[in-house]
2 protein chains.
Amino acid sequence: MSDAVSGSDLARLAALIGDPARANMLLALMGGRALTAGELAAQAGVAAPTASGHLARLAEGRLVAVERQGRHRYYRLAGPEVAELVHQLMGAAALGPRRYRPPGPRDAALRLARSCYDHLAGRLALALVDALVAQDRLAMSAGNFTLTGTGRAFFETLGVALDAAPGTRRPLCRACLDWSERRPHLAGRLGTALHHRLIAQRWLEPVPGSRALRITHVGETGLVAAFGLPRDWRCEEARPDAA
Amino acid sequence: MSDAVSGSDLARLAALIGDPARANMLLALMGGRALTAGELAAQAGVAAPTASGHLARLAEGRLVAVERQGRHRYYRLAGPEVAELVHQLMGAAALGPRRYRPPGPRDAALRLARSCYDHLAGRLALALVDALVAQDRLAMSAGNFTLTGTGRAFFETLGVALDAAPGTRRPLCRACLDWSERRPHLAGRLGTALHHRLIAQRWLEPVPGSRALRITHVGETGLVAAFGLPRDWRCEEARPDAA
DNA sequence: CTGACGCTTCGGCTACGGCCGAAAGGTCGG
DNA sequence: CCGACCTTTCGGCCGTAGCCGAAGCGTCAG
């Protein structure tokens with residue numbers, strides 16, 4: 001009551017996400033790219049009219065934004081807050097009822113490197129974090145990352161923009177739990193800027209129709225050289241049982 | 001899909017929260033205290049059998065935990081993760097469709113000081129944060145708090161336990177948006193420890209049947225002295241239009 | 001101008017989920 | 001040991017929301 005948000009407000013928002021078709025659409029949009037209504041209908045496994053209704057409701061609830069382009073309508077997540085929200089829900093969903101699906105050799109490319117709305121995820125993201133921490137460019141403490149002084153200089157020479165637009169509440173560093181690897185990787189403004197930079201200089205390139213990111217040939221060597229990745233960074237995590 | 005969480009998992013969780021009766025129950029439990037099934041039924045505005053069904057589903061979804069005590073059954077949130085999740089949803093719900101209810105003179109006690117699951121909220125929480133930042137015991141940067149060296153010493157002399165149980169992922173400091181005041185206050189392990197400490201030494205005491213916290217007489221002077229609160233900390237935020 | 005295509009609106013069907021009253025466990029008090 | 005109380009289970013009612021086919025707009029291509 002005295003709180004600005006009532007139970008029915010909370011319920012309305014959660015119910016909006018709480019339909020399988022809509023949830024699948026949001027998940028599909030978590031790749032960060034805008035998709036057409038048709039693509040989203042296919043992703044959600046429903047007919048076009050059904051999808052249209054769902055998308056209208058998502059737009060009315062400000063979870064997605066729409067942009068007309070010719071005879072297509074491109075839908076995308078309304079902003080980073082929405083991506084974060086969905087992400088947190090996914091984390092909680094993975095924890096709750098024991099549904100820890102073992103890694104599973106589903107799509108190796110996705111597990112290696114993918115975009116998570118606006119930043120990197122997958123083993124590459126974890127290897128980068130590990131290397132940054134090892135070289136004291138990033139500090140990891142109690143579930144949060146912080147950028148060190150040397151780290152700041154490092155990213156600036158790399159051409160990664162660090163300054164926030166004035167009035168930005170979004171933190172520079174955020175830890176984002178990697179579902180496939182179960183360890184935190186780097187999100188926040190720095191995560192976004194790094195993601196953009198690596199794509200802009202074509203070390204990574206998006207794979208059409210997927211959230212996976214391909215590591216280009218120059219990227220291969222560039223990443224290892226610039227970040228000091230270990231030679232075996234592509235391997236699965238060192239597992240105690242593998243000894 | 002290759003991610004550990006599928007759309008239907010996400011939907012199942014969100015739909016669980018997405019019912020008005022269940023949402024109201026979760027909200028009522030955000031105070032941090034365990035409530036009986038009957039109390040929750042009243043809070044949600046449904047009959048006992050209906051509430052029982054909802055609670056069973058919440059428990060099965062691991063959002064609440066139940067504890068039998070005589071002929072009562074006490075329900076509480078399953079953990080800090082759940083509180084955080086609900087909190088984030090409330091933040092998003094407040095933002096989305098413009099439903100910014102002006103502060104409203106609803107319950108002055110709640111706006112002054114209340115518990116937010118396991119930490120403090122309300123004007124007191126904000127005044128504490130402001131004072132801690134002003135005295136360089138807490139640093140605020142880009143939406144996150146960090147504890148300074150002097151701050152660490154300060155809290156230790158205050159008797160606030162800072163060390164984490166081994167293997168804890170929960171961050172020491174987290175910013176938690178205060179709905180009634182629209183500014184971040186202190187959550188995380190430090191927020192919890194501070195909350196406990198202030199209640200343990202009876203500077204604050206819970207108001208039965210409410211999330212409000214009463215400031216005791218010794219607390220009144222103790223808080224101002226220990227934290228260096230300004231004399232007018234109880235006043236509403238300095239508003240530009242008040243000049 | 002006309003046909004193809006993408007998307008939305010409309011109308012009707014169906015089913016799932018919330019709701020309650022009645023009755024059945026348990027648990028405590030006299 | 002019996003009655004009062006809290007909670008859950010059961011059974012049936014009802015409304016809402018999801019779903020699709022058909023038809024209606026807008027846009028692009030030839």
Side-chain angles (χ1 to χ4, degrees), chain A residues 6-29 33-61 63-76 97 208-209, chain B residues 6-29 33-61 63-76 97 208-209:
Chain A
S6 81
S8 52
D9 294 331
L10 176 60
R12 195 165 20 236
L13 173 63
L16 200 54
I17 308 178
D19 172 83
R22 288 193 294 264
N24 276 313
M25 290 176 174
L26 291 173
L27 240 50
L29 291 172
R33 272 197 286 277
L35 300 176
T36 67
E39 290 170 316
L40 287 167
Q43 281 286 333
V46 295
T50 307
S52 180
H54 285 310
L55 287 168
R57 295 186 56 180
L58 287 173
E60 196 219 4
L63 290 185
V64 305
V66 60
E67 217 165 323
R68 328 185 36 150
Q69 202 164 118
R71 50 180 162 182
H72 295 280
R73 243 162 233 201
Y74 281 91
Y75 288 89
R76 56 181 171 76
Chain B
S6 80
S8 52
D9 295 331
L10 175 60
R12 194 163 23 235
L13 173 63
L16 200 55
I17 307 177
D19 171 83
R22 288 193 294 266
N24 276 313
M25 291 177 174
L26 292 174
L27 240 50
L29 291 172
R33 272 197 287 277
L35 301 175
T36 68
E39 290 171 315
L40 287 168
Q43 280 286 335
V46 295
T50 307
S52 180
H54 285 309
L55 287 167
R57 295 184 57 180
L58 286 173
E60 196 219 4
L63 290 184
V64 305
V66 60
E67 216 164 324
R68 329 185 35 147
Q69 203 165 118
R71 49 181 161 179
H72 296 279
R73 241 161 236 200
Y74 280 91
Y75 288 90
R76 55 180 171 76

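Note that this is a predicted model, so its numbers are computed, not measured. Chain identifiers are assigned alphabetically (A, B, ...) following the order of the sequence lines, protein sequences preceding nucleic acid strands; residue numbering begins at 1 within each chain.
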Pairs: protein N or O with nucleotides 10-18 of chain D N or O, under 3.5 Å:
unit_1, atom_1, unit_2, atom_2, d
D:dG18, OP1, A:Arg22, NH1, 3.0
D:dG18, OP1, A:Arg22, NH2, 3.0
D:dG18, OP1, A:Arg57, NH1, 3.4
D:dG18, OP2, A:Arg57, NH1, 2.5

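- Among the protein residues, B:Ala48 comes within range of the nucleic acid bases, having at least one heavy atom under 4.0 Å from a base atom.
- Separating the CG atom of B:Leu58 from the C1' atom of D:dT7 is a distance of 16 Å, rounded to the nearest angstrom.
- Taking the screw axis at each terminus of the helix from C:dC1-D:dG30 to C:dG30-D:dC1 from five consecutive base pairs, the angle between the two is 30° to within rounding of 10 degrees.
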Indicate every side-chain donor-acceptor pair of residues 16-25 of chain A with a distance under 3.5 Å to a residue at least two apart or in another chain.
unit_1, atom_1, unit_2, atom_2, d
A:Asp19, OD2, A:Ala21, N, 2.9
A:Asp19, OD2, A:Arg22, N, 3.2
A:Arg22, NE, A:Leu16, O, 2.6
A:Arg22, NH1, A:His54, ND1, 3.1
A:Arg22, NH2, A:Ala15, O, 3.1
A:Asn24, ND2, A:Pro20, O, 3.1

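- The CG atom of B:Leu40 sits 13 Å away from the C1' atom of D:dC6 (whole-angstrom rounding).
- A side-chain contact (heavy atoms from CB on, under 4.5 Å) with B:Leu58 is found for one member of B:Val66, B:Leu29, B:Leu63 and no other, namely B:Leu63.
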Could you pull out all donor-acceptor pairs under 3.5 Å where a side-chain atom in residues 33-42 of chain A meets a protein atom, sequence neighbours excluded?
unit_1, atom_1, unit_2, atom_2, d
A:Arg33, NH2, A:Val207, O, 3.3
A:Arg33, NH2, A:Ser210, O, 2.4
A:Thr36, OG1, A:Glu39, N, 3.2
A:Thr36, OG1, A:Glu39, OE1, 3.3
A:Glu39, OE1, A:Thr36, N, 2.8

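- Here chain A contacts DNA chain C (any atom closer than 4.0 Å to a heavy atom, that is under 4.0 Å), and the contacts span C:dA4 to C:dT9 from 5' to 3'.
- Scanning residues 64-76 of chain A for heavy-atom distances under 4.0 Å to DNA chain C yields A:Arg71, A:His72, A:Arg73, A:Tyr75.
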Take A:His72 and A:Tyr74 through the side-chain contact (heavy atoms from CB on, under 4.5 Å) test and state the conclusion after the steps.
CA-CA 6 Å; A:His72 295 280; A:Tyr74 281 91; 3.8 Å; yes
Decide side-chain contact (heavy atoms from CB on, under 4.5 Å) for A:Ser6 and A:Asp9; before the verdict, give the C-alpha distance in whole Å, the side-chain angles of both, and the deciding distance to 0.1 Å.
CA-CA 5 Å; A:Ser6 81; A:Asp9 294 331; 3.5 Å; yes
